[in-house]
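Note: hydrogens, waters and symmetry copies are ignored here, and every other heavy atom, side chains too, is used. In listed order, ligands and their atoms are each counted from 1.
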Amino acid sequence: MSEIEKKIDEYKNKIDSCSKVEELDSLKSDVLGKNGLINIEFKKLSDLPVEEKKSFAANINKIKHELSDIFRLKLVEILDKDIIDKVKKEKVDVTLPEKNFKIGKVHPVSQVIDEISCIFSEIGFSVEEGPDVENEYNNFTALNTPENHPAKDMHDTFYLDQDMKTLLRTHTSPVQIRTMLKGKPPFKIIAPGRTYRSDSDQTHTPMFHQLEGLQIDKNINMGHLKGCLNYFIKEFFEIDKIKMRFRPSHFPFTEPSAEVDIGYRLENNKIIIGEGDKWLEILGCGMVHPNVLKNCKIDSNKFQGFAFGIGIDRLAMLKYGINDLRSFFECDYRWLNHYGFDPLDVPTNYRGLSR
Ligand code: DAH
């Protein structure tokens, strides 16, 4: 083995055991650098006899290319290993519980929908849903709303076509129709969801939330409605005693109809529910009109029932002391951080709804 071959072998061993890029760079400069091993060999060319020059140069060039390849592969190997080590170090066990749960918050409207669903599910109501884009029939006609009713006015309703046949639902009541048309009585459902009306001020937004309730069965009367709402309001506000009054009202889809107020008083500008002599309207309700049952192919001599419609946003404002409805929909992260709820603290009746 020639002198140069011996040296190259030594370098190959050094490269092989090298584990750092800087170390490899320094070896590379020793071998392939300006004053490195290979260039020193090339310099010997001038002293060689002509007939040896060619094979000598070819040999050195071969060694040079071979070493360049070795350096390149080693560099890739070292960099790959660095990445693998880094990935190993940073590996996350996704099956472990998260340490930082406080990142996201549940919006008060979602929280209140969960709370209400939980309260009604305790007494046998199931949850139904309907689309935001509704047809005129389900939203008005099937609900016994006369042709010239003010609610059908363009100023209130967002119509989606010239013929005024498709619209953004103005209330969740069409879910009553959808539910009754697709099944057979008895029915016992609630339907939360988005509703739309052309209106905007401190207590109205063009999109808001309602919750519809419907119970149809044999021998259902107004007493059942009263008992149900009484239970709901007590559970929702998490108080033992409430003041509630039914005021006669009118809705095309119920007969008789009523609006329900709850009693409250103000203390340092805070609303205290269940005491005092002030009244606040929170929902509309009544006994389902026989025409509505007829439109849903239900014999009103055999079945009757009650329905109610609650403004969800209003309940959220009352329960959690939020005084501008518009702030609900401004998507202000600071607001959500303040009024939002812990996503893991899901409301349940046995643990308390809003702890
Ligand atoms: N749909 C009514 C509204 O948006 C609320 C309502 C009143 C719903 C009485 C009902 C009801 O189911 O029985 O103003």
Ligand-protein N/O pairs under 3.5 Å (ligand 1):
{"from": "ligand 1", "atom 1": "1 (N)", "to": "H171", "atom 2": "ND1", "distance (Å)": "2.9"}
{"from": "ligand 1", "atom 1": "1 (N)", "to": "S173", "atom 2": "OG", "distance (Å)": "3.0"}
{"from": "ligand 1", "atom 1": "4 (O)", "to": "R197", "atom 2": "NH2", "distance (Å)": "2.8"}
{"from": "ligand 1", "atom 1": "4 (O)", "to": "Q210", "atom 2": "NE2", "distance (Å)": "2.9"}
{"from": "ligand 1", "atom 1": "12 (O)", "to": "Q176", "atom 2": "NE2", "distance (Å)": "3.2"}
{"from": "ligand 1", "atom 1": "12 (O)", "to": "E212", "atom 2": "OE2", "distance (Å)": "2.6"}
{"from": "ligand 1", "atom 1": "12 (O)", "to": "F308", "atom 2": "N", "distance (Å)": "3.3"}
{"from": "ligand 1", "atom 1": "12 (O)", "to": "F308", "atom 2": "O", "distance (Å)": "3.4"}
{"from": "ligand 1", "atom 1": "13 (O)", "to": "A307", "atom 2": "O", "distance (Å)": "3.1"}

Identify whether the distance between the nearest side-chain nitrogen and carboxylate oxygen of [X] and [Y] falls below 4.0 Å.
| X | Y | result |
| --- | --- | --- |
| D342 | K105 | no |
| D156 | R197 | no |
| K319 | E115 | yes |
| D82 | K86 | no |

Next item on the list: Assess the pair H171 and F251: is the distance between their ring centroids shorter than 6.0 Å?
Entry: no
Next item on the list: Over all heavy atoms of both residues, which pair between P174 and R169 is shortest? Give the atoms and the distance, please.
Entry: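 Minimum heavy-atom separation between P174 and R169: CG-CB, 4.2 Å.
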